[in-house]
Amino acid sequence: MSRTNWLTLPQLWGGSDLALLATRLVVGAFLIFGVWDNIVSADRMAEFEKFLTIKGFALPQLMAPLSVYGLFLVGVAFIAGFATRWAGFICAFNFTVALVMVDAPLGIRPAFPAAALVLFGLIFATIGAGRLSVDAMLGKRTPS
């Protein structure tokens, strides 16, 4: 193994699609888990609306369900690897708003999860889902 290969570990490139799949599955499941209580409980959704009101969000009655159902769909899209670039963009946008409006003033530790989700969103928006995805299967179709 040359010095360059020792430093750059090109042999790991073969695992990049599995690593991307694992990341999509974990982030997608995390997003679904994070909003599920708001989906199944009107009381939890009302609490979220109240939280958005307190934090100064416009139209919290609209923004709460839009955020909750949007993130649920983003989670499903990440898991399937479907419309992943759009889902990544939506994820990055949603958590940028959360970061600016809620988490950043709390400091680095409390803001880290939202910041990480902005970055995951940007990664998926820019590089896509990888070969192990619905997006890749749809991209292989040839026009009839």
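- Counting only distance, with no hydrogens or angles, the side chain of Asp103 and the backbone of Ala114 share no donor-acceptor pair below 3.5 Å.
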- Working for side-chain contact (heavy atoms from CB on, under 4.5 Å), residues Phe57 and Val102: CA-CA 10 Å; Phe57 282 81; Val102 178; 3.9 Å; yes
Set out, in order, the CA-CA distance, both residues' side-chain angles and the distance that settles side-chain contact (heavy atoms from CB on, under 4.5 Å) for Leu71 and Phe95, then state yes or no. CA-CA 10 Å; Leu71 288 178; Phe95 284 100; 3.7 Å; yes
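- Pro65 approaches Leu62 most closely through the heavy-atom pair CD-O, 3.4 Å.
- Using modelled atom types, no side-chain atom of Ser67 and backbone atom of Ala64 make a donor-acceptor pair closer than 3.5 Å.
- Using a 4.5 Å cut-off on side-chain heavy atoms (C-beta onward), Ile32 and Ile79 make contact.
- Under the 4.5 Å side-chain criterion, counting only non-hydrogen atoms from C-beta, Asp17 is not in contact with Leu21.
- A single hydrophobic cluster is seen to contain both Trp36 and Leu25, as judged by linkage of ILVMFWY side chains at heavy-atom distances under 4.5 Å, directly or through other members.
- Minimum heavy-atom separation, Asn38 to Arg44: OD1-O, 3.0 Å.
- Counting all heavy atoms, side chain and backbone alike, Ala129 lies closest to Thr84 at CB-OG1, 3.2 Å.
- In terms of heavy-atom proximity, Lys55 sits nearest to Met101 at O-CE, 3.7 Å.
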Check the pair Lys50, Glu47 against salt bridge (charged side-chain N to carboxylate O under 4.0 Å, His left out), reporting the backbone distance first and the verdict last. CA-CA 5 Å; Lys50 184 177 178 184; Glu47 287 177 29; over 6 Å; no
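- Rounded to the nearest 0.5 angstrom, Phe112 CZ and Leu117 CG are separated by 9.5 Å.
- Ile54 and Val68 fall into different hydrophobic clusters, defined by Ile, Leu, Val, Met, Phe, Trp and Tyr side-chain heavy atoms under 4.5 Å apart, directly or through other members.
- Leu99 and Leu119 fall into different hydrophobic clusters, where Ile, Leu, Val, Met, Phe, Trp and Tyr are joined by side-chain heavy atoms under 4.5 Å apart, directly or via other members.
- Nearest heavy-atom pair, Met63 versus Ala58, reported as atom, atom and distance to 0.1 Å: CG-O, 3.1 Å.
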Practice problem: Quick one: do Leu20 and Ile127 satisfy side-chain contact (heavy atoms from CB on, under 4.5 Å)? Show the steps, please. | Solution: CA-CA 10 Å; Leu20 194 53; Ile127 66 173; 4.1 Å; yes
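- Taking every heavy atom of both residues into account, Phe78 and Gly88 meet most closely at CE2-N, 3.6 Å.
- Without hydrogens or angle criteria, Arg85 side chain to Phe124 main chain gives no donor-acceptor distance under 3.5 Å.
- Hydrophobic clustering (side-chain heavy atoms under 4.5 Å, transitive across Ile, Leu, Val, Met, Phe, Trp, Tyr) keeps Leu138 apart from Trp86.
- Summarising the local packing, CG of Leu106 is surrounded by more than 12 heavy atoms from other residues, nucleotides or ligands at distances under 6.0 Å.
- To the nearest 0.5 Å, atom OG1 of residue Thr53 and atom CZ of residue Phe48 are 10.5 Å apart.
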>> Could you walk me through whether Asp135 and Phe82 satisfy the side-chain contact (heavy atoms from CB on, under 4.5 Å) test, starting with their C-alpha distance in whole Å, then the side-chain angles of each, then the deciding distance to 0.1 Å, before giving a yes or no?
In response: CA-CA 5 Å; Asp135 288 344; Phe82 176 72; 4.2 Å; yes
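- No chain of hydrophobic side-chain contacts below 4.5 Å, direct or via other Ile, Leu, Val, Met, Phe, Trp or Tyr residues, connects Val118 to Val100.
- The environment of Phe120 atom CZ is sparse: at most 12 non-hydrogen atoms of other residues, nucleotides or ligands sit within 6.0 angstrom.
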